[in-house]
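Here the structure is a predicted model, which is why all the values come from computation and not from measurement.
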Amino acid sequence: MKSIVLRTNDALYSACIWIAGLSVLTMSLIIPWGIFARYVLGTGSSWPEPVAIMLMVVFTFVGAAASYRAGAHMAVAMVTDRLPDGARRAAALLVQLLMVGVCLFMTYYGTKLCITTWKQFMASLPSVRVGVSYAPIPIGGVLTLIFVLEKLVLGDQSQRKVVRFDLEESEGAA
């Protein structure tokens, strides 16, 4: 059962990385197009900026979930590193429980926000519902919650092969 959960979470992590990466790639193509259209063609397109903003939101919340699993979030450990082992483990457990609370908050209130704004359309993109632009919040909350629960139950998975990317090892450098 543990291996099935880990393989599923590995696939979920990979999907998060791909979604976040494609969001950044697409933003880096859309923004220059908007600049080119405005200053070279003299006709400013209305869609590049709101689409780029929506992609940034996707990158932020989906990328944050992947970053959590990889153990890549910033942490100030000056105090906890000086604690005895038992207190350090208790502090780590408290952090994980607080993360569960944050994820539940994001999921619940993000979903409420999506539902509340679903009947509204974006002014700059009239075919897109406002609720769609907020959807990455609850999705990111659920994804992060999955990785938090994984860490609580199965331990830290940041050293798994799918998560770890060592450039030096992959290039064969010493």
Would you find more than 12 non-hydrogen atoms of other residues, nucleotides or ligands less than 6.0 Å from Trp47 atom CH2? yes
Check Arg88 with Asp85, please: is the shortest side-chain N to carboxylate O separation under 4.0 Å? yes
Is any side-chain N of the basic residue among Arg69 and Asp156 closer than 4.0 Å to the acidic one's carboxylate O? no
Who clusters with Ile31? Use side-chain heavy atoms, under 4.5 angstrom, across I, L, V, M, F, W and Y, and order the result by chain and number. Ile35, Tyr39
If hydrophobic clusters are built from ILVMFWY residues whose side chains come within less than 4.5 Å, do [X] and [Y] share one?
X	Y	answer
Tyr13	Val58	yes
Tyr68	Phe61	no
Val95	Val102	no

Treating [X] as the side-chain partner and [Y] as the backbone partner, does any N or O pair qualify as donor plus acceptor under 3.5 Å?
X	Y	answer
Glu49	Ser46	no
Ser67	Gly63	no
Ser133	Val130	yes

Contacts satisfying ring pair (Phe, Tyr, Trp, His ring centres under 6.0 Å) that involve residues 101-128 (not counting sequence neighbours) are Phe105-Tyr109
Between Val153 and Lys2, is any pair of side-chain heavy atoms under 4.5 Å apart? no
Side-chain contact, heavy-atom cut-off 4.5 Å: Leu152 with Val100? yes
